[in-house]
J.: 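Below is one structure. I have some questions about it.
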Amino acid sequence: MSTMHAVRAHSRGGPEQLVYEEAPRPEPGPGEVLVAVKAASMTPRELTWPETWTHSSDGTGPERTPIIPSHEFSGVVAACGAGVESPAVGEAVYGLIPFTRDGAAAEYVVLPAAVVAAKPATVDHDHAAALPLAALSAWQALVDHADLQEGQHVLVQGGAGGVGNYVVQLAASLGARVSATAAAADLEFVQDLGAEQAIDYARDRFEDHVRDLDVVVDLVGGATQSRSWSVLKPGGILVSLATPPDEQEAARHGVRGVYFIVEPERNTLGSIAELVDHGHLRPVLDRVLPLTETRSGYEALEMGKRRGKIVIHVAD
């Protein structure tokens, strides 16, 4: 059996369970591709998700340990399973791996060909790997759920974060007016991404700065979400990736609340790649680490503030 280097966890837990080791190299089955990973990206709380450790989205069923984390990747197709006509061997691709499968903190990963898209041509693999989950989340929040229209006003709660920075950029590229909350040190950064108004969440109440909003994208949850109802106009929508909104509160304010979990989607990844290649969307990296230091990257995710994604550089 062929082997590869990978970062794996043999039992449930946090970053302390992750070990860099030799592991079996997977082989693509029907409808699958084997990708030689060039870069991968990690997501906060990924190691707490039930689907990280089992074969089902609700966490039921037998454990599938050892697991490999990091579900965003960029790389090159190394082999195709039966029935795969696209992508072709040698093609540079990127994508989001379904959460019930092993991730890309490894030299190779197998995933369904149907969720793989051509990598943006104008950025390297490290930057491409920072896109899939975060940019897909932004697209699905603004386009699929909020149906954001040109000229509408959107508030991004947490505009400097790994997902928030893409929500700000995408909303601006769609012609919306964008306001965003952020820490004081990130206000200029958020404005540079396309926000007309950046609000220091520690010093100012966003309710004093925005009202009659068409859309709120909530990446924070808790009290921030509860306070967000009052700034929406009647018929507006709060889209949350943090916690499910209170339906009774939504009804009381005459608005809608939506919660969703991002899903892999090939066509949308193609649209995102076009936005990147035309200069309308830029990947934001907090830091790049070698595969051997993946564990320290997950430790950093638990220690607070970052600007953009933590990326694992797997191979040149």
J.: Taking all non-hydrogen atoms of both residues into account, name the closest pair between S271 and W139 and its distance.
T.: CB-CH2, 3.7 Å
J.: Would you call E32 and R101 a salt bridge, taking side-chain N to carboxylate O under 4.0 Å as the test?
T.: yes
J.: Closer than 3.5 angstrom, by distance alone: can the side chain of D286 be matched with the main-chain N or O of R307 as a donor-acceptor pair?
T.: yes
J.: Whether the side chain of T181 engages the backbone of G158 through a donor-acceptor N/O pair (distance < 3.5 Å, no angle test) should be reported.
T.: yes
J.: What verdict does the side chain to side chain contact (heavy atoms under 4.5 Å, CB included) test give for V239 and R256, after you've listed the backbone C-alpha separation in whole Å, the side-chain angles of each residue and the deciding distance to 0.1 Å?
T.: CA-CA 8 Å; V239 182; R256 293 180 294 141; over 6 Å; no
J.: Is K309 reaching over with its side chain to a backbone N or O of M42, donor-acceptor style, under 3.5 angstrom?
T.: yes
J.: Less than 3.5 Å apart, any donor N or O on the side chain of E207 or S230 sitting next to an acceptor on the other?
T.: no
J.: Q169 versus L275: any side-chain heavy-atom pair under 4.5 Å?
T.: no
J.: Between D204 (side chain) and Y201 (backbone), is there a donor-acceptor pair under 3.5 Å?
T.: no
J.: Using distance only, find each side-chain donor-acceptor pair of residues 84-93 under 3.5 Å and give its atom names and separation, not counting sequence neighbours.
T.:
unit_1, atom_1, unit_2, atom_2, d
S86, OG, R266, NH2, 3.3
E91, OE1, A88, N, 3.3

J.: Can you name the nearest heavy-atom pair linking L18 to R295, along with the distance?
T.: O-CD, 3.6 Å
J.: Is it true that Y298 and E46 share a donor-acceptor pair across their side chains at a distance under 3.5 Å?
T.: yes
J.: Do S228 and D218 make a side-chain contact, defined as non-hydrogen atoms from C-beta onward lying under 4.5 Å apart?
T.: no
J.: Indicate the ring-plane relationship of H71 and F99, choosing parallel, tilted or perpendicular according to the 30° and 60° boundaries.
T.: perpendicular
J.: Would you say L170 and L219 are hydrophobically clustered, going by side-chain heavy atoms of ILVMFWY under 4.5 Å?
T.: yes
J.: Is L187 linked to L155 within one hydrophobic cluster, defined over Ile, Leu, Val, Met, Phe, Trp and Tyr using a side-chain heavy-atom separation of less than 4.5 Å?
T.: no
J.: Tell me, do Y166 and L131 make a side-chain contact under 4.5 Å, heavy atoms counted?
T.: yes
J.: Give me the atom names and distance for the closest heavy-atom approach of P26 to M4.
T.: CD-CE, 3.7 Å
J.: Examine distances only and state if a side-chain atom of Q248 and a backbone atom of D246 form a donor-acceptor pair shorter than 3.5 Å.
T.: no
J.: Does V33 reach the side chain of C80, with side-chain heavy atoms less than 4.5 Å apart?
T.: yes
J.: Is there a path from V314 to L301 through hydrophobic residues (I, L, V, M, F, W, Y) whose side chains come within less than 4.5 Å of each other?
T.: yes
J.: Assess the residue pair D102 and R64 against the criterion (side chain to side chain contact (heavy atoms under 4.5 Å, CB included)); give the C-alpha distance rounded to whole Å, side-chain angles, the decisive distance to 0.1 Å, and a yes or no.
T.: CA-CA 9 Å; D102 276 338; R64 60 177 182 87; 3.1 Å; yes
J.: To the nearest 0.5 Å, what is the distance between OH on Y94 and CD on E72?
T.: 10.5 Å
J.: Would you kindly say whether S179 and H153 are connected by a side-chain donor-acceptor distance under 3.5 Å?
T.: yes
J.: Any link between V77 and V115 through a network of hydrophobic side chains (Ile, Leu, Val, Met, Phe, Trp, Tyr) touching at under 4.5 Å?
T.: yes
J.: Rounded to the nearest 0.5 Å, how far does CD1 of I67 lie from OG1 of T100?
T.: 12.5 Å
J.: From H125 NE2 over to D316 CG, what is the distance, rounded to the nearest 0.5 angstrom?
T.: 10.0 Å
J.: Just verifying a value: how many Å separate I272 CD1 and L281 CG, rounded to the nearest 0.5 Å?
T.: 7.0 Å
J.: Would you name the heavy atoms of V163 and S137 that are closest together and state the gap between them?
T.: CG1-CB, 3.9 Å
J.: Check whether more than 12 heavy atoms from other residues, nucleotides or ligands sit under 6.0 Å from atom CZ of R227, and answer yes or no.
T.: yes
J.: Shortest non-hydrogen contact from E51 to S57?
T.: OE1-O, 3.5 Å
J.: If you group Ile, Leu, Val, Met, Phe, Trp and Tyr by side-chain heavy-atom gaps below 4.5 Å, do L96 and V37 land in one group?
T.: no
J.: What's the verdict on side chain to side chain contact (heavy atoms under 4.5 Å, CB included) for T294 and Y20, showing C-alpha distance, side-chain angles and the deciding distance?
T.: CA-CA 8 Å; T294 298; Y20 174 77; over 6 Å; no
J.: Would you say that P98 contacts P112 through its side chain, given a criterion of any heavy-atom pair below 4.5 Å between the two side chains?
T.: yes
J.: Does R25 come within less than 4.0 Å of E107, counting only side-chain N to carboxylate O?
T.: no
J.: About how many Å separate OG1 of T48 and CH2 of W53, when rounded to the nearest 0.5 Å?
T.: 10.0 Å
J.: If you apply the rule side chain to side chain contact (heavy atoms under 4.5 Å, CB included), what do you find for R282 with V276, and how did you get there?
T.: CA-CA 6 Å; R282 61 182 172 93; V276 173; over 6 Å; no
J.: What's the shortest heavy-atom distance between A273 and A118, and which atoms?
T.: CB-O, 4.0 Å
J.: Just wondering, do F206 and Q157 contact through their side chains at under 4.5 Å, heavy atoms?
T.: yes
J.: Side-chain contact test, heavy atoms from C-beta onward, threshold under 4.5 Å: evaluate it for H313 versus L289 and give yes or no.
T.: no
J.: Is it true that, when you exclude H278 itself, more than 12 heavy atoms of the residues, nucleotides or ligands shown sit nearer than 6.0 Å to its NE2?
T.: no
J.: Please indicate whether E196 has more than 12 foreign heavy atoms, meaning atoms of other residues, nucleotides or ligands, lying under 6.0 Å from its CD.
T.: yes
J.: Please determine whether the number of non-hydrogen atoms from other residues, nucleotides or ligands lying under 6.0 Å from atom CD of E263 exceeds 12.
T.: no
J.: Do the non-hydrogen side-chain atoms of Q225 and V220 ever get within less than 4.5 Å of each other?
T.: no
J.: Drop me the distance from W49's CH2 to T43's OG1, to the nearest 0.5 angstrom.
T.: 4.5 Å
J.: Give a yes or no on whether the backbone of E293 and the side-chain of S296 come within a donor-acceptor separation of less than 3.5 Å.
T.: yes
